[in-house]
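Keep in mind that the numbers below use all heavy atoms, side chains included, and drop hydrogens, waters and symmetry copies.
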Amino acid sequence: MKPAPFVRHVPRSLDEALKILADVAGDDGRILAGGQSLVPIMAFRLAKPAHLVDINEVEGLDKIADDGKALTIGARVRHAAFHKPVTGNPLGALLAYVARHIAHYPIRMRGTFCGSLAHADPSSEWCLTAATLDAVMVAKSINGTREIKAAEFFDGIMSTHLKEDELLAEVRLPLLPADARFGFYEFSRRAGDFAMSASLVTYRLDGGKIVDARVGLGGAEASPRRIPEAEAELNGKAAGDAAFRAAGEAASRAIEPLVDHQTDADYRRDLVRVVVRRALEHSLT
């Protein structure tokens, strides 16, 4: 298959990109950055945008900046930028670890962090990261700038609260405390496949007890999110098998599992139980 005919626009500035997007949004105009999600679905004609606004020549969208409070990631930043820590904060090590699990090396060299969030696949590692860490999405259009919290950004399978004329210009990830621990685990049938379930966790230890626990889950529901029931099983408990298993059980009970030709609800719940526990176990290594 080949994509349906389309017009490619190549703006050189952000203002120009936003003006073009405003003009073509009503004709299913799309932003093209890495294209690792959009181009394949165009090839199968699952999407037929009449216009592509290619932002790869737009200056300033490839920045990664640490201001001491948050890490700002621009719309052109590739997955591969995180192969090594981009900040000395524990967030840098977290992003580097998660990045190694994204698809395959050639895709990581071209695909973008913000593009992954805008595509909003439930199995996306970066969507899970944004949801777990309460990221802020910065959307721009000719009408101005809008900040959207991660908990409000995702709106189901491959759906977000971005307006059709908005560009996800950058994402801000809050830095982690210096003593933060993290763990990540995902399950897929083959290396590089979409995760059937994944969990990202962070917390601190205070007097040997877990505090500030965050348990994020992706791939198991229509959108990634934090699981407060699992977090409640961790806070105030010693980091170890009993608390980790209790958190996995709580997450399993809390979800509304996706069901498809490969998995039924019981299987997905079992998988959630395991990935949460293993992500927590990884936090101790």
### Message
Given 3.5 Å as the limit, does a donor-acceptor pair link the side chain of Arg45 with the main chain of Lys2, or not?
### Response
yes
### Task
Using modelled atom types only, decide if a donor and an acceptor are shared between the side chain of Arg268 and the backbone of Leu258 within a distance under 3.5 Å.
yes
### Query
Would Glu166 and Arg146 satisfy salt bridge (Lys or Arg N to Asp or Glu O under 4.0 Å), going step by step from the backbone distance to the final call?
CA-CA 9 Å; Glu166 286 182 324; Arg146 194 164 63 103; 2.7 Å; yes
### Query
Given the rule in the side-chain contact (heavy atoms from CB on, under 4.5 Å) test, do Leu175 and Asp66 qualify, once you have shown the distances and angles that lead to the verdict?
CA-CA 8 Å; Leu175 297 182; Asp66 177 349; 3.3 Å; yes
#### Entry: Sole residue of Arg8, Arg30, Arg12 in salt bridge (Lys or Arg N to Asp or Glu O under 4.0 Å) with Asp54
Arg8
#### Entry: Salt bridge flag under 4.0 Å for residues Arg190 and Asp193
yes
### Task
Give, for atom CD of Glu186 and atom OG of Ser199, the distance between the pair rounded to the nearest 0.5 Å.
11.0 Å
### Task
May I ask you to decide if Val259's main-chain N or O and Thr263's side chain share a donor-acceptor pair within less than 3.5 Å?
no
### Query
Does the Glu231 side chain pair with the main chain of Glu229, one donor and one acceptor, at a distance under 3.5 Å?
no
### Task
Give a yes or no on whether the backbone of Ile148 and the side-chain of Glu152 come within a donor-acceptor separation of less than 3.5 Å.
no
### Message
In this structure, is the centre-to-centre distance between the rings of Phe184 and His282 below 6.0 Å?
### Response
no
### Query
Will you find, in the side chains of Ser124 and Asp121, an N or O donor that is under 3.5 Å from an N or O acceptor?
no
### Task
Enumerate the residue pairs fulfilling side-chain hydrogen bond (donor to acceptor under 3.5 Å, both in side chains) with a member in residues 104-114, sequence neighbours excluded, ordered by first and then second residue.
His83-Arg108
### Query
Which ILVMFWY residues can you reach from Val272 by hopping between side chains whose heavy atoms are under 4.5 Å apart?
Tyr185, Phe187, Met196, Val201, Tyr203, Leu205, Ile210, Val215, Leu217, Ile227, Leu234, Phe244, Ile255, Tyr267, Leu271, Val275, Val276, Leu280, Leu284
### Message
Quick one: does any side-chain atom of Ser123 pair with a main-chain N or O of Ala195 as donor and acceptor, under 3.5 Å?
### Response
yes
### Summary
One should read off an interatomic distance between Cys127 SG and Met158 CE, to the nearest 0.5 angstrom, of 10.0 Å
### Message
Please report the interatomic distance CD(Glu249) to CZ(Arg277), rounded to the nearest 0.5 Å.
### Response
9.5 Å
### Query
Who else is in Leu167's hydrophobic cluster (ILVMFWY, side-chain heavy atoms under 4.5 Å, direct or via others)?
Leu14, Leu18, Ile20, Leu21, Val24, Ile31, Val53, Ile55, Val58, Leu61, Ile142
### Message
When you measure from the side chain of Asn89 to the backbone of Leu176, do you find a donor-acceptor pair of N or O atoms at a distance under 3.5 Å?
### Response
yes
### Message
Between Lys19 and Asp15, does any NZ, NE, NH1 or NH2 come within less than 4.0 Å of an OD or OE carboxylate oxygen?
### Response
no
### Query
Which hydrophobic side chains are connected to Ile41, either touching it within the sub-4.5 Å cutoff or through other members that do?
Phe6, Leu32, Leu38, Val39, Met42, Phe44, Leu46, Leu52
### Task
Following the transitive rule for hydrophobic clusters with a side-chain heavy-atom cut-off under 4.5 Å over Ile, Leu, Val, Met, Phe, Trp and Tyr, establish whether Val274 and Leu128 coincide in one cluster.
no
### Query
What residues, two or more places apart in sequence or in another chain, satisfy side-chain contact (heavy atoms from CB on, under 4.5 Å) together with Arg100?
Tyr97
#### Entry: ring pair (Phe, Tyr, Trp, His ring centres under 6.0 Å) involving Phe82 - partner list, sequence neighbours excluded
Phe113, Trp126
### Task
Please answer whether the main-chain N or O of Asp212 pairs with a side-chain N or O of Arg214 as donor and acceptor at a distance below 3.5 Å.
no
### Message
I'd like to know if the side chain of Ser252 pairs up with that of Arg269 as donor and acceptor (distance under 3.5 Å, no hydrogens or angles considered).
### Response
no
### Message
I'd like to know if the side chain of Asp27 reaches the main chain of Gly29, judged simply by a donor and an acceptor atom lying under 3.5 Å from each other, with no hydrogens or angles considered.
### Response
no
### Side-chain donor/acceptor of Glu221 to backbone N/O of Glu256, under 3.5 Å
yes
### Message
To the closest 0.5 Å, what do you measure between CD (Glu57) and CD (Glu16)?
### Response
11.0 Å
### Task
Working to the nearest 0.5 Å, report the span between CG of Asp134 and CG of Leu173.
10.0 Å
### Query
Got a second to check how far Glu147's CD is from Thr145's OG1, nearest 0.5 Å?
8.0 Å
